[in-house]
Trainee: 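The structure's right below; bear with me while I get my questions together.
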Amino acid sequence: MDQPSGRSFMQVLCEKYSPENFPYRRGPGMGVHVPATPQGSPMKDRLNLPSVLVLNSCGITCAGEENEIAAFCAHVSELDLSDNKLEDWQEVSKIVSNVPHLEFLNLSSNPLNLSVLERTCAGSFAGVRKLVLNNSKASWETVHTILQELPGLEELFLCLNDYKTVSCSPVCCHSLKLLHITDNDLKDWPEIRKLGVMFPSLDTLVLANNYLTTIEDSEDSLGRLFPNLRSISLHKSGLQSWEDIDKLNSFPKLEEVRLLGIPLLQPYTNEERRKLVIARLPSITKLNGSVIAEGEREDSERFFIRYYLDFPQEEVPFRYHELVTKYGKLEKLAVVDLRPRSRAKVEVHFKDQVEEMTVRLDQTVAELKKQLKTLVQLPTSSMLVTHCDHEAPFGPEEMKYNSRALHSYGIRDGDIIYVDSKAK
């Protein structure tokens, strides 16, 4: 039978994993030697194949000799065929059907939308547990066929496929735990609802970079829709209402949320964003990939109370009243300026003179003496300068180190600087 034009899977396999390009290495999944048999290829006794094959961007268009694939790939468990030129599901089936232990398959960025996936072909994928179809433009009909023929599928990646809607499968897929469907055009919640119907056991739903504008279902409906959802990513969605954030509390098992880059949070500071979200979602343990410590949760909830203290009653969220019940009605924190002082107003005493002077605390003793020179009419080399802080336990301190900065003496407003002439 004639093979389609282009490079075959077997051709690329022999080239990439020849001893010249892939020397034998020991270790799990590394360099598995395939011995020769009487019917074998001349290359068979020379190839060293790992259990994880990466053949991305190799220009593959077809399978090649199936008996060769079966001989070489019996031990292979992961296969990356992304960014090739596979457009016929039949050719993919020929490869996969001869890799009996395959669990992970990446077909991203292959033009597989140009052919129809028949159920007989999809049956060869039956052992696959993780399937990546990013940027393959796979139709929902193709996805449905896969779901019916892969009873153990646990992870599915459908990113960058230009989906504007979701088409429900005629059967539910109870095995799927993780769905990545980022970078599509799913804006309406009714489309996301269909995912909950199709995948009732879903643990992780990654919806990043879909401009989802609102979560429309009631709290009761949401709890039934995603009863096992533990993690959701709404990164760079279009959510604009705190009510939508509150609805995330309706997912009974939700622990982890990602909410970076949504319009709702743009006006807030980084501190406000994190603390206000944590306070509204009492059950989550991780936000935007960062674990929420027990102390951080309490700080956030107290921050939430103080944040809404001056809001009109009709604008105060229900969560505020729950937290007031928990902590009481808190007072606003005092604003304390902890910035170091840059200047101080001191009294300069010289003989019978007393003058008030403002000094810069970042200047050195030598610079202070220059400032005092016009006041006391003494050369700087003849000055004996002493700092007196009435609260200091050891009394006045001579300022004898010309390079030392004034702030290191703890000079404050009201302190006294004594200037005397050094004894000759």
Trainee: Kindly write out the residues that satisfy side chain to side chain contact (heavy atoms under 4.5 Å, CB included) with Tyr211, not counting sequence neighbours, or none if the list is empty.
Mentor: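 Tyr211 satisfies side chain to side chain contact (heavy atoms under 4.5 Å, CB included) with Lys187, Thr213, Pro263 once adjacent residues are dropped.
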Trainee: Step by step, work out the side-chain contact (heavy atoms from CB on, under 4.5 Å) result for Trp89 and Val116.
Mentor: CA-CA 7 Å; Trp89 283 104; Val116 176; over 6 Å; no
Trainee: Going through the distances and angles, do Glu347 and Glu355 end up as a side-chain contact (heavy atoms from CB on, under 4.5 Å)?
Mentor: CA-CA 6 Å; Glu347 285 186 0; Glu355 296 283 345; over 6 Å; no
Trainee: Can you name the residues that form a side-chain hydrogen bond (donor to acceptor under 3.5 Å, both in side chains) with Ser201, not counting sequence neighbours?
Mentor: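 None.
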Trainee: Do Thr204 and Leu179 pass the side-chain contact (heavy atoms from CB on, under 4.5 Å) test, and can you show the C-alpha distance, the side-chain angles, and the key distance before you say yes or no?
Mentor: CA-CA 6 Å; Thr204 302; Leu179 176 63; over 6 Å; no
Trainee: Ser108 and Asn106: side-chain donor and acceptor closer than 3.5 Å?
Mentor: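 Judged by distance alone, the side chains do pair up.
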Trainee: Are Pro190 and Glu216 packed together at the side-chain level, in the sense that at least one heavy-atom pair is separated by less than 4.5 angstrom?
Mentor: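 In short, these two side chains touch, coming nearer than 4.5 Å.
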Trainee: Closest approach of Ile146 and Leu117, non-hydrogen atoms and distance?
Mentor: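 That closest heavy-atom pairing would be CG1-CD2, 3.5 Å.
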Trainee: State, with a plain yes or no, whether a side-chain heavy atom of Val54 is found less than 4.5 Å away from one of Lys16.
Mentor: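 With C-beta onward as the side chain, the pair touches.
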Trainee: Testing the basics here: between Val324 and Lys329, what is the closest heavy-atom pair and its distance to 0.1 Å?
Mentor: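 Where Val324 meets Lys329 most closely, the heavy atoms are CG1-N, 4.0 Å.
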Trainee: Tyr409 versus Ile417: any side-chain heavy-atom pair under 4.5 Å?
Mentor: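 Of all side-chain heavy-atom pairs linking Ile417 with Tyr409, none is under 4.5 Å.
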Trainee: For Arg274, what residues pass the salt bridge (charged side-chain N to carboxylate O under 4.0 Å, His left out) criterion, not counting sequence neighbours?
Mentor: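 Once residues adjacent in sequence are excluded, the partners of Arg274 under the salt bridge (charged side-chain N to carboxylate O under 4.0 Å, His left out) criterion are Glu296.
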Trainee: Quick one: list whatever passes side chain to side chain contact (heavy atoms under 4.5 Å, CB included) with Arg306, sequence neighbours left out.
Mentor: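 Arg306: side chain to side chain contact (heavy atoms under 4.5 Å, CB included) contacts with Arg302, Leu309, Leu330, Leu333.
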Trainee: Residues in side chain to side chain contact (heavy atoms under 4.5 Å, CB included) with Asp389, at least two apart?
Mentor: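 With neighbours one apart ignored, the set is His387, Glu391, Ala392, Arg412, Asp415.
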Trainee: Just how far is it from atom CD1 of Ile60 to atom OG of Ser82, taken to the nearest 0.5 Å?
Mentor: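 The CD1 atom of Ile60 sits 9.5 Å away from the OG atom of Ser82.
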Trainee: Does any non-hydrogen side-chain atom of Leu234 lie less than 4.5 Å from one of Val257?
Mentor: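 Result no, sub-4.5 Å side-chain heavy-atom pair not found.
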Trainee: List the steps and the verdict of side-chain contact (heavy atoms from CB on, under 4.5 Å) for Val316 and His321.
Mentor: CA-CA 8 Å; Val316 173; His321 301 291; 4.0 Å; yes
Trainee: Measuring only between side-chain heavy atoms, which start at C-beta, is Leu207 closer than 4.5 Å to Ser237?
Mentor: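 The answer is no; the side chains never approach within 4.5 Å.
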Trainee: Restricting to salt bridge (charged side-chain N to carboxylate O under 4.0 Å, His left out), what partner residues turn up for Asp362, sequence neighbours left out?
Mentor: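 Applying salt bridge (charged side-chain N to carboxylate O under 4.0 Å, His left out) to Asp362 gives Arg360.
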Trainee: Test salt bridge (Lys or Arg N to Asp or Glu O under 4.0 Å) on Arg404 and Glu397; report intermediate values, then the result.
Mentor: CA-CA 13 Å; Arg404 185 171 166 183; Glu397 179 181 5; 3.5 Å; yes
Trainee: Between CD1 of Ile278 and CD of Glu298, what distance do you get to the nearest 0.5 Å?
Mentor: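 If I round to the nearest 0.5 Å, the distance is 13.0 Å.
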Trainee: Are Arg319 and Phe304 in a cation-pi contact, defined as NZ or CZ under 6.0 Å from the six-membered ring centre and within 45° of the axis?
Mentor: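 The answer is no; the distance or angle limit is not met.
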Trainee: Working note: Thr142 + Ser139, criterion side chain to side chain donor-acceptor pair (under 3.5 Å); need CA distance, chi angles, decisive distance, verdict.
Mentor: CA-CA 5 Å; Thr142 295; Ser139 68; 3.2 Å; yes
Trainee: At their closest point, which heavy atom of Glu191 faces which heavy atom of Leu186, and how far apart are they?
Mentor: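 So the minimum-distance heavy-atom pair works out to CB-CD2, 4.4 Å.
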Trainee: Drop me the distance from Asp162's CG to Asn135's CG, to the nearest 0.5 angstrom.
Mentor: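 If we round to the nearest 0.5 Å, Asp162:CG and Asn135:CG are 8.0 Å apart.
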Trainee: Taking side chain to side chain donor-acceptor pair (under 3.5 Å) as the cut-off, I'd like each qualifying pair that reaches into residues 217-226, sequence neighbours left out, listed once.
Mentor: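 Listed once each, the pairs are Trp189-Asp217, Arg193-Asp217, Ser218-Ser221.
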Trainee: Of all heavy-atom pairs between His144 and Cys168, which one has the smallest distance, and what is that distance?
Mentor: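 Taking His144 first and Cys168 second, the nearest heavy atoms are CE1-O, 3.2 Å.
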Trainee: Please determine whether salt bridge (Lys or Arg N to Asp or Glu O under 4.0 Å) holds for the pair Lys247 and Glu243, giving the CA-CA distance in whole Å, both sets of side-chain angles, and the decisive distance to 0.1 Å.
Mentor: CA-CA 6 Å; Lys247 285 183 178 180; Glu243 286 71 21; over 6 Å; no
Trainee: For Glu294, I'd like to know if atom CD has over 12 heavy atoms of other residues, nucleotides or ligands within 6.0 Å.
Mentor: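 Check fails, neighbour count at 12 or below.
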Trainee: Measure the CG-CD1 distance between Asp413 and Ile411 for me, rounded to the nearest 0.5 Å.
Mentor: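 The distance works out to 11.0 Å.
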Trainee: Looking at Glu331, I'd like to know if its CD atom is crowded, meaning that more than 12 non-hydrogen atoms belonging to other residues, nucleotides or ligands lie closer than 6.0 Å.
Mentor: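 Counting other residues, nucleotides and ligands, CD of Glu331 stays at 12 neighbours or fewer.
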Trainee: Any chance the side chains of Asp244 and Thr214 put a donor and an acceptor closer than 3.5 Å?
Mentor: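 The answer is yes; a qualifying pair exists.
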Trainee: Can you tell me how far the CG atom of Leu225 sits from the CD1 atom of Ile215, to the nearest 0.5 Å?
Mentor: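 Here the rounded value is 10.5 Å.
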Trainee: Quick check: do Leu375 and Phe350 have side-chain heavy atoms less than 4.5 Å from each other?
Mentor: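 A side-chain contact under 4.5 Å is absent here.
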Trainee: Would you mind listing every side chain to side chain donor-acceptor pair (under 3.5 Å) that reaches into residues 165-182, with sequence neighbours excluded?
Mentor: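 Found none.
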Trainee: Please list, chain by chain and in numerical order, all residues satisfying salt bridge (charged side-chain N to carboxylate O under 4.0 Å, His left out) with Asp83, sequence neighbours excluded.
Mentor: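 Once residues adjacent in sequence are excluded, Asp83 has no partner under the salt bridge (charged side-chain N to carboxylate O under 4.0 Å, His left out) criterion.
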Trainee: Go through the structure and list residues passing side-chain hydrogen bond (donor to acceptor under 3.5 Å, both in side chains) with Ser124, not counting sequence neighbours.
Mentor: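 Here the qualifying residues are Ser93.
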Trainee: Could you check if a side-chain atom of Tyr17 sits within less than 4.5 angstrom of a side-chain atom of Leu53, using non-hydrogen atoms only?
Mentor: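 Heavy-atom side-chain distance check passes, below 4.5 Å.
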Trainee: Is the number of heavy atoms from other residues, nucleotides or ligands under 6.0 Å of Tyr327 OH greater than 12?
Mentor: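 Above 12, so yes.
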Trainee: By side chain to side chain contact (heavy atoms under 4.5 Å, CB included), which residues pair with Glu103, not counting sequence neighbours?
Mentor: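 Side chain to side chain contact (heavy atoms under 4.5 Å, CB included) list for Glu103, sorted by chain: Arg129.
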Trainee: Please evaluate residues Lys164 and Asn184 with respect to the criterion side chain to side chain donor-acceptor pair (under 3.5 Å), reporting the C-alpha separation (whole Å), side-chain torsions for both, the decisive distance (0.1 Å), and the verdict.
Mentor: CA-CA 7 Å; Lys164 290 182 170 59; Asn184 284 288; over 6 Å; no
Trainee: Hey, could you give me each pair passing side chain to side chain donor-acceptor pair (under 3.5 Å) that has a residue in residues 252-262? Not counting sequence neighbours.
Mentor: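 Residue pairs with at least one partner in residues 252-262: Asn228-Lys253.
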Trainee: Below 4.5 Å, heavy atoms only, C-beta onward: do Arg273 and Thr269 meet side chain to side chain?
Mentor: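 With C-beta onward as the side chain, the pair stays apart.
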Trainee: Less than 4.0 angstrom from a charged side-chain N to a carboxylate O is my criterion; do Lys275 and Glu271 meet it?
Mentor: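 A salt bridge links Lys275 with Glu271.
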Trainee: Tyr307 vs Glu272, test: side chain to side chain donor-acceptor pair (under 3.5 Å). Steps then yes/no.
Mentor: CA-CA 9 Å; Tyr307 183 85; Glu272 289 169 344; 4.8 Å; no
Trainee: Determine whether more than 12 heavy atoms belonging to other residues, nucleotides or ligands lie under 6.0 Å from atom NZ of Lys130.
Mentor: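 Atom NZ in Lys130 is not crowded, with 12 or fewer foreign heavy atoms closer than 6.0 Å.
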Trainee: Which distance, rounded to the nearest 0.5 Å, do you find between the CG of Leu323 and the CD1 of Ile305?
Mentor: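 It comes to 5.0 Å.
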